[in-house]
Structures are given as C-alpha cells and as structure tokens.
Amino acid sequence: MNWDAWIPVLVVASSLLPGLIIFFLREGSHRLRTGLNLAGAILKLALVGILVWGVFHEHVYESRWTLAPGLDLVLHADTLSVLFVTLSTVLWLVTTVYAIGYLENAPHRSRFFGFFSLCVSATVGLALAGNLFTFVIFYELLTLATYPLVAHRGTPEAVRGARIYLTYTLGGGMLLLIGTVWLHVLAGPTAFIEGGVLDRLTADYHLQLKMIFLLLIMGLGVKAALVPLHGWLPQAMVAPAPVSALLHAVAVVKAGAFGIVRVVYDVYGVNFADQLGLLTGLGIAAAVTIVYGSLKALTQDNLKKRLAYSTVSQVSYIALGTAILGPIGTIGGIVHLVHQGIMKITLFFTAGNYAETLGIHKISEMNGVGRRMPATTLAFTVAALGMIGVPPVAGFVSKWYLGLGALEAGTATWVIPVLIASSVLNAAYFLPVLYRAWFRVPGPAWPSEHIPAARLETSAALLWPPVVTAMLALAAGLFAAAPYSPLEWATLIAHREYGL
Amino acid sequence: MTDAMIGLVALPLAGALATLLLPRLATVVAIGTGLATTVAAGLLLFGFATQGALHYEIGGWSAGLGIALRADALSALLLMMTALVALAASVYASAYFKGTFERARFWPLWLLLLTSLNALLLSGDLFNLYVTLELLGLSAVALASLGGKRAAVAAALRYLLVGLLGSMLFLSGVSLLYAGYGTLDMAQLARTVSAGPVAWTALALMTAGLLLKTALFPLHFWLPPAHASAPAPVSAVLSALVVKAAFYLVLRLWLDVFADVVTAAAANLLGVLGAGAVLWGSWHALQAERLKLLAAWSTVAQLGYLFLFFPLLQALPPGAARELAAGGLVMLALTHGFAKAGLFLAIGIIQQRCGHDTIRGLDGTAQRLPATTFAIALAGVALIGLPPSGAFLGKWQLLAGAVETGQWLWLVVTASGSLLAAAYIFRVLGHAFGHRPYPSQPVTVAREEWPALLLASMAALVLGLAGAPVWGLLEIGT
C-alpha cells in the first residue's frame, strides 16, 4: 500500500480516533477534549487539502478492504466526494468551535463530542464511499451516530424527537439496503463511476432497474427530507443548536441529497436515467418539496422550525438540479450542496446565539434584536438574503445555474415557475424576520438574558463561527469564478460526468 | 491438530472434575480451563485453515464401531465461538457468583456443559451426537435451575421435559436409520442414504426433536421463561450456544447427510416456521416489560432468521451464490452468539446493581452504568443487523439469496424483523439519555463490564469488519 491509498483512510480516522478516545475521558478534562477535537479537525483539513490538490491533478486515492467475497469497503476520492468532504471538514471545524462555546458547563460533554466526532466520520466516510455498498454502511452509521445527539438533552421531547428521527431513517435505510442488494444481484458490485455503469444491462432489466431506482430514492429521500418523507426533520429540532446546524447543513440531509446525486450520476448515469424516464419523477418530487417546504415555513413562529422547513425546501434544489438533464443544471444542483450548507449553518448558528444569549426562540420575540446583537444579526441577514437568492451571496449563483440549466435543457422549462415561486416564498418568510430584527423597536426586556452585553455581544466562541460562515457565503458568491471556488469545482464535476 | 480436538473435550472434562474435588480453587481452575480450551480451539481453527478437514479415531477403532472425532469449517468456527463466549462468561461468572452458595454447584455443571458442547461439535456419529445432546440438555437444565426461585425451577422443569421429548424423537430417528442402513457414521450415511420412507421418517423425527430443542416457532414456548429466569451467565450460554447446538445438528442433517433426500417443500416449511419465529419473537420482544424476557424473545426471533436460509440454500444451485449464502448463515449464527451473550451479561449487571430489570425503571440506571449501556447498544446493533456488525453481512446474503431465487417473501420478513428489532432495542436505549451526572470512570465494574463489552464488540465490530475469512474457511470444506 502506498501513501495515496492511506489518505482516504486517514481522513476518516482523523475524527474517528479522537471521537473514540473522547468517550473514555472524564467529564472534567475539558482541555484535553478540546485539544483532541481541534487537532483532529485541523489534521483532517490538511489531509483534505492534499486530496483537493491531488484529485484536481487526476491522482487516484483509493483504499479497499474486503468484508466478504464480492463486498469491498472502498474509500475513493473523486471530484464529487472531494467537494462534499471539503464542505464537511471546514464546517466541522467551525461547528466544533461553536459547540465548545455552546456546551460550556453543560453535562455529558464527553458523550456529546464522542458522538459528534463519529457523526462527522460517518459523513466523511459516505462522501468518500467508492461503491454503493460502502455508501450504505456509512449511511446507516450516520443514523446511529446522530441518534444520541438528537436525544442529547434527555427531555421527553428530545427522546421522542430522536425516536421519530430513528423510525424514519432506519425505515429509509432498509429501503436503501434492499435496493442496493437487488442491484448487487443484477449488476454485481456497483462502483461509483462517472457516467454510470448500468446502461450495459439489456432492456429486459429495465423494469427492475426502475423499481430499484424508486427504492434507492425513497431510502435516500428520507434523509434528504423529500416530501412526504420529511416528517422527522421538524421533530429533530429539539437537538442542541450545533447538532441542528450540523444535521441541516452537512451531515444528515446532505447525506441524502449527496446519495441522490451519486445514484443518478455515478450508478445509473444521468443519460441512462433520463432514457428510463426516471428524472421527471425525481424532478416533480423535488419541485413539490420546494414549494411545500416554503409554504410550511411561512406559518412557523418558532425560529428553528422555520429554518427547518426552509431546509426541507432548499435541499431539494440539489435533487432538482440533478433531475435537469444537462451540465448547467448539474452545476446548479451540485454547487447548491455547498452553498446551502454554508448559508444554513450560519442561520442555525445565529438562531442558537439568540437563544443562548437572550433566550429568544420565537420570531415574534426578535423585535430590534439587531441593535443588541448587530454582528449576529448581520450574519443572519447575509445568509437569509443568500437563501432568497439575492446577489452577490452564494445562493444567487445556485439559482442562476438552475434556471439557466432548465432553459438549456428545453424540456424542463416548468422548473422556472417553481424557482420563481420558491424565491418569492423565501422572501416572504425571511424578509419579515429581517425587518423585525433591524427596524422594530425592542421590547422592555429580552425573554431571558443569559450572557450580558460586554465588549462582544455574546461569547467569542459563539460569535465567530457564524461571522466566519457568513463571510464564506459571501465569498462563495463574490468569487464564484475564482479557481477552486465551489462553482469552479462543480463545473469540473459536471465536465467529468458528461465527459466534456 | 488431533491433540487440539482431544483437548477440547478432555480439558473441560478434567476441569469439571477438578472443580468438584477442589471447590476452593474452582474459580481459578475454571478460568484456567477456559483459557486452555480457547487456545485449543484456536489451534484447531488454525490447523483446519492450513490442513483442511480433520479426523481422529479414538483408540484406533474405526468409525461404525469406535468413537470418531471430526472437524470441518463449520464445527471449527462454532468451537471457537463457544470457547470465546464461555471464557468471557466464566470471567463474568467469577464476579457474579462471588460469595454466593451457588458458586460451588455452578462450576462443575458449567464445565460439564462446555464438555458436552465441544463433544457435540466434534462428533461425526449420530449415536454420539445423541449422547452429547442428552448430556448437554441435562447440564443446561441443572444450570438454569440454579437461581433456586420458584419460577426458575418451574421453567427448568419444563425445559427438562421438553429436552427429554426432543432427545427421544431424535433417538427414534437415529434407530430407524440404523435399522435401515446399518451405520450411524454421518459421512457413510451421506453416501448411502436415498430418498424413501425410511429416510423421510427418520429425518422428520430427528428434525422435530431438534426443532423442539432449538425452540423454533411454534415450539419455542419453553424458551422465554427458561432463559429469562436463569442466572445471567447461564442465560448467556443457553441463548448463545446451547440452542445453536441443536440448530447445528439440523444444519448437518439437512445440508450434509440428507442433502439428496430433502425436498423444496420441506425446506420451505422450515422457512415458513422461521418467518413465524422472526415476526412472533420480535413482536413479543417489543412487548416485553423485562430486559431478560426481551433478550429471550429476541433469541426466538434470531433463530428464525437462520431457518430462512434453508429454502434459499435448497433453491440455489451449487456455486458461488450458494457458498455466499451459506457463509451468510454461519456469519449470522456467530454474530448472534456473541451479541446475545454480551446482551445477557450486560442485563445481568443491571439486574445485580439495581435489583430489577424492568425496562420502565431504567431511567438513571443507564447513566450510572455507561459501559454496560454501551455494551447493550453494541449488542443491539448486531441484533438489528446494522453495519458494521457481522449480522449486517449475514443479512445482506439472506436478502441477496432471496432476490436471486425470487423468494420475495423472505425479503419482506427479514426487513420487517429488522425494523421490529430496531424498535425493541431502541425502546431500551431511549432510557440512556437524561441529566443525571456520570460517574467519573466510564467502566465501573470492570470484571463484569469488560466481558460484556468485548463480546458485544466482537459481534458488532470484529466479525463485521474482519469476518471475510469465514467465507474463505467454509470454502476449504467444499
């Protein structure tokens, strides 16, 4: 084994091993735990840097371990996995800092950070999965690792929310497993290969392939929160803010969306999926989800719930981009994987800040919060505008490419009204919040002020993460044409997928 | 490697006698015996991997007259599992029975049980199998009644009667075969047996007896009370190993000896019973109010999965796909053994520390015993069949076989059973969260928690991630 084969393993291990050690630490060893977390996150970042450079220069990074005859655990870095790995790694680092600040003096921190690290390891593992079998393994591990995080607070609502989460995700995991086994019997080990591998099967198998596709997408759709499989997501809001941030931006929902992208592009192949007539169904499901999620978001007064329904809606842009045949739509969907992540994590960080600093949980309590917490509210504003699609924030770039892709594909012009309707709805549920925060006069007192105003509006560990991610969201939009930007990388992926 | 085969039987037998004669040293002797047996099982496995199938005739008397010991991949793997589970449970038991008056009675019976298990797995002759089966049943009943409570004794008595009925059915089948073919050596029988009334009746009788002993639905009624009222280390071995011994014999008879006699309809019947076991057992595990009952019902369900393989193996033509399915079956059986033993040991810790094992009363308990809770979680992952457990690989093969042969019913049963398993496991784990403070050390009762943790990790991690050699070993035998 040469060094190149070890790098994907190390990328996974750099959070797995610290996580396992953290389980055995005493509650009191705060410094050691923080040190392990940060060391792991930074090491992972360095390793991912090597991967990005190498994959761009067409190096092959692959590790393989046989679990049973014909069933290999494969970690393989290609352009798509590197995109997702980079996103998870960067946001993990930021979220770790945030979580350290958020959970200061809270009980059960060893358990929390242990599972937190396992969760990231599982995410990175499924990003690097080189075949569907490996993907399924990490997909299920992700379910297992996030369950204790959702239940973390231990209140009856938390345990109930976690149980609902588990019911949905294990059910979805079972469908995915059955689909994968079925495909394995038909086509042998299904490695992820750009352009797909299934078009060699004869027409006799097409019906079975359609049914398998349905199983796979339903299994993945649970995590990606495709309507009507999204019911767990608003319930999982009981989790602590860093968990919600990670769940919505990187780990769980993204795992589902990423899986859909993988299945369409690298298992079926987008052209073959189109031939089988599978893309239209996926597109319709995504469009319904986009509109439904936005409509539900409108009626929520609880800030985190509004954000949760917004996630339901926004993540489906990725599936929508996947369903539009043609490289431009592909770019729009894939780049949104990153853009939505950066913007949504900012929104959840800021929601956490309002709750931790002033006890604000509801939108109706946010009057004038911009004066008390200007930096947090500014970060919130940038991310919310990005979600609506206002240039130059990152979200604009995604929507632009999705719309352009729909026009280019010709057959998918129905996507345009969906995009417009969704943007209007996004504005309708975000702009009133911004108006309240900046222009309304604050009430006599905040619901419960935990952290008094000092030189900083809240503690530094809570303040910096959303500010950094908001700047990233802005930068991803402003410098979209720079080399190694998410957009450029998504373009590279699309070129390799379509063999351009 | 014949020394290892003899050692596997002779060591625990000598240990049983020694613990009887020297009760003061019983714990040391028993754990020493456990270690030595594990080494012997390891040597046997290694010997099999390098030399292939092993055969030894005691005293040089050839089969048919004397006692022959033989080992192939299946028995070598099961012997290894038996040795490891028994060793871990022995270490656990040394703490569990510390200072109790049952201690003196426990060790000789315990080692006798191991002797009979090992002898059963090494026998190649139906009469010896009958003898070891009887011995195994008797020592298991005696151990199950050790708790001494009324419920335990009643359950043990029922267990005894069922066991005797099972043995009698088995013996009548054996005598029928002897009358028909003049030999009881399994290898010779496999060559001479032909389809016909004698073979069918003998197979039916023997199978009925064994199904009773392995508690396949609807003959499972005796298992939950017996396994739920025995002392924890005994429950672990009963659920993980003893029922497996009877299953092992079913497997031998159906796949080796009577391979040409078995019909698809018969295999389907076993599959249907297995499906019933999976659904009925999982459903009852979900309803159970006590942890030990949950674990016992889960054993009923998990044995059901093993029987789902019979119709698949019957339908698959010899070749790669069939080998994979057979490997999956063995993998599932091994994983269940480790996982269920770990689960019962962990439950025993809860029962001893808190004085109860009701699921409702677990709040706070789980926080006080984090390592135990973690062991239950790991065992649970293996029982559900989630990755990275060995059961995941086993169930994968089960599902693949069902797709391959178009027997979709088994696929539906497996999927529903797994989801039910997830429901009953997470019903327990939901109690692990809450805001009571942690003890400062994650492992609080080392001598009991480590065995439970190691067994559970064996099932949930080691077999799943490093289990590929199982298929390789099974290939050597064919």
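Below, chain A is the first sequence line, B the second, and so on; all start at residue 1.
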Turns out that what part of B:Leu393 lies under 4.5 Å from chain A's heavy atoms comes down to side chain

Quick check on A:Leu71 against chain B: is it the side chain, the backbone, both or neither that has a heavy atom closer than 4.5 Å? side chain

Quick check for you: to the nearest 0.5 Å, what is the distance between B:Ile384 atom CD1 and A:Met174 atom CE? 9.5 Å

Of the non-hydrogen atoms in A:Ile178 and B:Ala415, which two are nearest, and what is the gap between them? CD1-CB, 4.0 Å

Please give me the minimum heavy-atom distance between B:Pro387 and A:Leu144, naming the atom from each residue. O-CD1, 4.0 Å

Would you mind reporting whether B:Trp471 and A:Thr66 have side-chain heavy atoms less than 4.5 Å apart? no

For A:Pro148, is it the side chain, the backbone, both, or neither that has a heavy atom closer than 4.5 Å to a heavy atom of chain B? both

Let me know if A:Thr143 has heavy atoms under 4.5 Å from chain B in its side chain, its backbone, both or neither. neither

So, for A:Thr180 and B:Trp396, which heavy atoms are closest and what is the spacing to 0.1 Å? CG2-CH2, 3.7 Å

Output the distance between atom CG (B:Leu429) and atom OH (A:Tyr147), rounded to the nearest 0.5 Å. 6.0 Å

Check whether A:Ala68 gets within reach of chain B through its side chain, its backbone, both or neither, counting any heavy atom under 4.5 Å. both

Should we say atom CD of B:Gln287 is surrounded by more than 12 heavy atoms from elsewhere, each under 6.0 Å from it? yes

Checking A:Leu186 against chain B: side chain, backbone, both or neither under 4.5 Å from a heavy atom? neither

Answer with side chain, backbone, both or neither: which region of A:Leu170 has an atom nearer than 4.5 Å to a non-hydrogen atom of chain B? both

Can you say whether B:Val470 sits under 4.5 Å from chain A via the side chain, the backbone, both, or neither, judging by heavy atoms? neither

Drop me the distance from B:Phe426's CZ to A:Thr167's OG1, to the nearest 0.5 angstrom. 10.0 Å

Given the options A:Leu73, A:Leu141, A:Val136, which has more heavy-atom pairs under 4.5 Å with chain B than any of the others? A:Leu141

Taking side chain as everything from C-beta outward and backbone as N, CA, C, O, which of these in B:Leu324 sits under 4.5 Å from a heavy atom of chain A? Side chain, backbone, both or neither. side chain

